[in-house]
Amino acid sequence: MKIIMLGAPGAGKGTQAKKIAAKYGIPHISTGDIFRANIKNGTELGLKAKSYMDAGGLVPDEITIGMLLDRIHQADCENGYVLDGFPRTIPQAESLTEALKKNGESIDFAVNVDVPDENIISRMSGRRACLNCGATYHIVYNAPKKEGVCDACGQELVLREDDKPKTVKKRLDVYHDQTQPLIDYYKKEGVLAEVDGTKDMEEVFQNIAAILGA
Ligand code: AP5
Ligand code: ZN
């Protein structure tokens with residue numbers, strides 16, 4: 001099954017994508033996580049991506065599209081995948097559609113996790129991320145067992161540089177301008193599914209699982 005998660009920054013795409021990946025036994029592919037891992041490891045790709053990310057903008061399509069297409073052609077993607085944070089622009093969506101078409105494939109579901117802007121700022125300011133393993137927490141809604149420490153790997157949790165309120169505002173502007181049009185794109189493709197992302201995490205997941213089927 002090939003699934004795309006759509007939604008504003010902080011809507012809960014990553015939270016739900018991890019649950020979907022675990023339930024269906026398919027890889028969770030987050031372009032944000034790939035960029036952050038490259039920044040942490042000081043790669044050339046990481047150096048290129050960092051300035052755009054810290055400013056709340058998008059990494060250019062020329063960098064992002066090739067990276068994602070390489071990733072989905074790896075062996076572990078044979079039975080599908082859940083994409084989190086890609087596509088984020090119409091050219092990215094068109095490149096993905098074209099690349100899949102070459103193999104007679106297409107996306108099965110584009111799940112839009114809908115959360116109004118008012119809720120986003122508080123979610124982001126409470127998020128704590130593990131830059132070592134990619135796990136995410138929330139100080140109120142999904143607290144780690146020990147404050148400031150990742151349950152999964154024991155490393156320190158941090159407030160992401162781009163989760164500071166001023167940058168969140170910029171990310172929301174970029175979302176409305178460049179990413180929201182993808183909702184219509186996937187509606188026209190006939191694969192759009194909408195879920196109310198303001199419910200608690202488990203309820204959102206049950207609603208998504210009902211759409212995806214057993
Ligand atoms: P990326 O890492 O993809 O960031 P994002 O899309 O802005 O998404 P987030 O990770 O911020 O949020 P999320 O929706 O996954 O929410 P989460 O589950 O963590 O991208 C970062 C940057 O990389 C971009 O700004 C861009 O620069 C670059 N980039 C990435 N992909 C790109 C692309 N394709 N093209 C160009 N540039 C790209 O949840 C948020 C918080 O809320 C957490 O604390 C969570 O615990 C909590 N929460 C989740 N669900 C609920 C709930 N139901 N109730 C209460 N709290 C909840
Ligand atoms: Zn961790």
Side-chain angles (χ1 to χ4, degrees), residues 4-20 28-39 45-46 48-69 71 82-93 95-96 111-115 119-144 148-163 167-168 170-175 178-179 182 195-208:
I4 289 171
M5 303 304 292
L6 296 174
K13 302 179 298 294
T15 301
Q16 298 301 329
K18 284 176 191 137
K19 288 172 177 284
I20 295 167
H28 164 216
I29 300 176
S30 157
T31 38
D33 284 352
I34 298 174
F35 287 135
R36 281 185 288 277
N38 275 277
I39 291 172
L45 176 69
K48 281 188 195 151
K50 188 175 186 325
S51 56
Y52 299 103
M53 291 174 72
D54 285 353
L58 294 182
V59 179
D61 286 344
E62 306 84 82
I63 298 176
T64 311
I65 292 172
M67 177 186 89
L68 187 281
L69 295 183
R71 178 66 188 89
V82 48
L83 300 184
D84 162 17
F86 187 100
R88 246 185 166 91
T89 63
I90 293 286
Q92 290 182 13
S95 305
L96 178 63
V111 179
N112 183 40
V113 183
D114 187 30
V115 177
N119 303 30
I120 296 288
I121 306 262
S122 77
R123 282 206 187 173
M124 304 295 237
S125 58
R127 172 163 59 185
R128 295 295 177 272
C130 175
L131 297 183
N132 184 50
C133 77
T136 32
Y137 302 86
H138 190 281
I139 53 174
V140 179
Y141 308 120
N142 180 24
V149 178
C150 179
D151 291 347
C153 74
Q155 295 290 308
E156 185 196 2
L157 299 175
V158 297
L159 177 69
R160 259 166 53 180
E161 192 53 42
D162 60 347
D163 278 352
T167 315
V168 170
K170 163 84 176 148
R171 286 164 67 196
L172 279 170
D173 289 344
V174 170
Y175 167 75
Q178 302 208 46
T179 308
L182 296 180
V195 292
D196 179 353
T198 63
K199 307 280 189 225
D200 76 52
M201 290 172 201
E202 209 34 55
E203 192 174 343
V204 177
F205 181 60
Q206 292 312 325
N207 291 338
I208 294 175

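Count residues from 1 along the sequence. Counting convention: from 1, in listed order, for ligands and their atoms alike. Every heavy atom of this structure was used, including side-chain atoms; hydrogens, water molecules and symmetry mates were not.
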Could you find the nearest protein heavy atom to atom 18 (O) of ligand 1 and give me its residue, atom name and distance? Thr15 OG1, 2.5 Å
Can you tell me if Ala8 contacts ligand 1 (heavy atom of the residue under 4.0 Å from the ligand)? yes
Shortest protein contact, atom 42 (O) of ligand 1 (heavy atom only): Arg123 CD, 3.4 Å
Any N or O of Asp162 that comes nearer than 3.5 Å to an N or O of ligand 1? no
Rounded to the nearest 0.5 Å, what separates atom CG in Asn142 from atom OG1 in Thr15? 7.0 Å
So for Arg36, does at least one of its heavy atoms come nearer than 4.0 angstrom to any atom of ligand 1? yes
Examine distances only and state if a side-chain atom of Gln206 and a backbone atom of Met201 form a donor-acceptor pair shorter than 3.5 Å. no
Atom NZ in Lys19, atom NE2 in His28: separation rounded to 0.5 Å? 13.0 Å
With a cutoff of 4.0 Å, is Ser30 in contact with ligand 1, counting heavy atoms of the residue only? no
Pairwise distance SG(Cys130) to CG(Asp151) - rounded to 0.5 angstrom: 10.0 Å
Using the side-chain contact (heavy atoms from CB on, under 4.5 Å) rule, pick out the option among Leu6, Leu96, Thr31 that qualifies with Leu83. Leu96
Pick one of side chain, backbone, both or neither for how Asp163 approaches ligand 1, counting any non-hydrogen atom pair under 4.0 Å. neither
Determine, using heavy atoms of Met5 and all atoms of ligand 1, whether some pair is separated by less than 4.0 Å. no
Of the choices Thr89, Thr31, Val115, Asp33, which has the non-hydrogen atom that lies closest to atom 31 (N) of ligand 1? Thr31
closest protein heavy atom to atom 15 (O) of ligand 1 is Gly14 N, 2.8 Å
Salt bridge flag under 4.0 Å for residues Lys199 and Asp196: yes
Hey, does Gly7 sit under 4.0 Å from ligand 1 if you only count heavy atoms? no
Hey, what do you get for CD1 (Ile34) to CG (Asp84), rounding to the nearest 0.5 Å? 10.0 Å
ang(SG Cys130, the Zn ion (ligand 2), SG Cys150) rounded to 10° is 110°
Closer than 4.0 angstrom: is that true for some heavy atom of Arg128 and an atom of ligand 1? no
Shortest protein heavy-atom distance from atom 27 (O) of ligand 1, along with the residue and atom involved: Gly57 O, 2.5 Å
To the nearest 0.5 Å, how far apart are CG in Asn38 and CE in Met53? 10.0 Å
Starting from atom 6 (O) of ligand 1, find the nearest protein heavy-atom neighbour and note its residue, name and distance. Arg88 NH2, 2.5 Å
So how far is it from Arg123 CZ to His138 NE2, rounded to the nearest 0.5 Å? 7.5 Å
Atom 37 (N) of ligand 1 sits nearest the protein heavy atom Val59 N, 3.1 Å
the protein heavy atom lying closest to atom 22 (C) of ligand 1 turns out to be Met53 CE, 3.7 Å
Step-by-step side-chain hydrogen bond (donor to acceptor under 3.5 Å, both in side chains) determination, Thr136 to Lys18: CA-CA 10 Å; Thr136 32; Lys18 284 176 191 137; 3.3 Å; yes
How does Tyr175 reach ligand 1, if at all, at less than 4.0 Å between non-hydrogen atoms: by side chain, backbone, both, or neither? neither
Taking 4.0 angstrom as the limit and counting only heavy atoms of Met124, give me the atoms of ligand 1 inside it, by number and element. 11 (O)
Compute the minimum heavy-atom distance from Lys199 to ligand 1 and say whether it is under 4.0 Å. yes
Closer than 4.0 angstrom, basic N to acidic O: yes or no for Asp163 and Arg171? yes
Out of Arg171, Glu203, Gln16, whose heavy atom is nearest to atom 7 (O) of ligand 1? Arg171
Per-atom contacts of ligand 1 with Gly197, taking only distances under 4.0 Å to non-hydrogen atoms: 53 (N)
Can any side-chain N or O of Thr167 pair as donor or acceptor with the backbone N or O of Asp162 at less than 3.5 Å? no
Using a strict cut-off of less than 4.0 Å between a Lys/Arg side-chain nitrogen and an Asp/Glu carboxylate oxygen, indicate whether Lys50 and Glu161 qualify as a salt bridge. no
Nearest protein heavy atom with distance in Å, relative to atom 8 (O) of ligand 1: Lys13 NZ, 3.3 Å
